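The structure appears right after this line, and notes come after that.
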Amino acid sequence: MQELDYVKVGERIRQVRKVKGWSQEKLAKKCGISLNFMGKIERGKRKMSMDTFANLCQQLEVDADALLWGAVQPSDTVIKNMWRHPAKGDLDSYSMYIRIMKSVADIMNEA
């Protein structure tokens with residue numbers, strides 16, 4: 001079993017937080033933890049409870065695998081939802097998605 005690198009987990013949390021434009025203080029408040037504890041999590045100096053980790057994932061809107069391992073493993077639900085029929089408001093997005101997928105298939109067939 002792969003061992004967690006808490007420093008890298010903290011770096012990933014920091015990276016996602018910064019992409020959102022949030023301060024450590026803002027994320028700490030959203031998660032109900034102290035600023036001091038948030039800083040230690042981001043530096044990999046303290047381990048967090050599952051509740052705190054789940055709350056971080058929820059607040060950052062990021063998959064747990066992305067924070068833990070740096071790679072997102074899509075769930076079956078995500079994959080199935082990719083192929084569902086779009087809602088009426090999503091038809092433009094769906095059409096663009098189909099065009100992109102066809103372009104990717106064309107490129108791969110040329111290789």
Side-chain angles (χ1 to χ4, degrees):
M1 185 165 117
Q2 187 176 3
E3 189 172 322
L4 276 177
D5 183 335
Y6 291 97
V7 172
K8 287 184 180 178
V9 171
E11 289 171 355
R12 292 182 196 112
I13 291 169
R14 180 182 303 114
Q15 182 180 29
V16 174
R17 173 182 60 77
K18 285 185 173 187
V19 166
K20 289 187 163 291
W22 294 352
S23 65
Q24 274 188 344
E25 183 177 14
K26 181 173 182 172
L27 181 56
K29 283 183 182 179
K30 286 179 165 286
C31 292
I33 60 176
S34 72
L35 176 59
N36 185 35
F37 186 42
M38 185 75 248
K40 288 179 181 180
I41 290 171
E42 285 191 0
R43 290 188 304 280
K45 300 292 183 189
R46 290 274 314 269
K47 295 179 182 177
M48 65 195 110
S49 70
M50 287 297 295
D51 287 339
T52 299
F53 180 70
N55 200 5
L56 275 167
C57 290
Q58 183 177 21
Q59 295 302 322
L60 292 171
E61 298 176 319
V62 67
D63 188 74
D65 283 340
L67 293 181
L68 292 174
W69 311 111
V72 177
Q73 302 292 328
S75 68
D76 289 342
T77 304
V78 170
I79 292 170
K80 287 177 185 173
N81 284 339
M82 285 174 51
W83 300 108
R84 68 174 169 75
H85 188 71
K88 287 183 181 180
D90 293 337
L91 287 176
D92 289 339
S93 297
Y94 185 75
S95 295
M96 181 177 287
Y97 173 76
I98 295 299
R99 286 194 308 271
I100 291 169
M101 293 307 295
K102 285 181 180 177
S103 296
V104 169
D106 290 343
I107 291 168
M108 294 194 68
N109 286 332
E110 290 174 4

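Keep in mind it's a predicted model, so treat the numbers as computed, not measured.
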Arg14 versus Glu42, closest heavy-atom pair with distance: NH2-O, 3.0 Å
Euclidean distance, Lys8 NZ relative to Glu11 CD, rounded to 0.5 Å: 8.0 Å
Fellow cluster residues of Leu60, listed by chain then number, with links counted only when side-chain atoms sit under 4.5 Å apart: Leu4, Tyr6, Val9, Ile13, Val16, Trp22, Leu27, Ile33, Phe37, Met38, Ile41, Met48, Phe53, Leu56, Val62, Leu67, Leu68, Trp69
Contact summary for Cys57 and Ala64, nearest pair of heavy atoms: SG-CA, 3.7 Å
Heavy atoms from other residues, nucleotides or ligands near NZ of Lys20 exceed 12 (cutoff 6.0 Å): yes
Least distance between heavy atoms, Gln59 atom then Cys31 atom: CG-SG, 3.9 Å
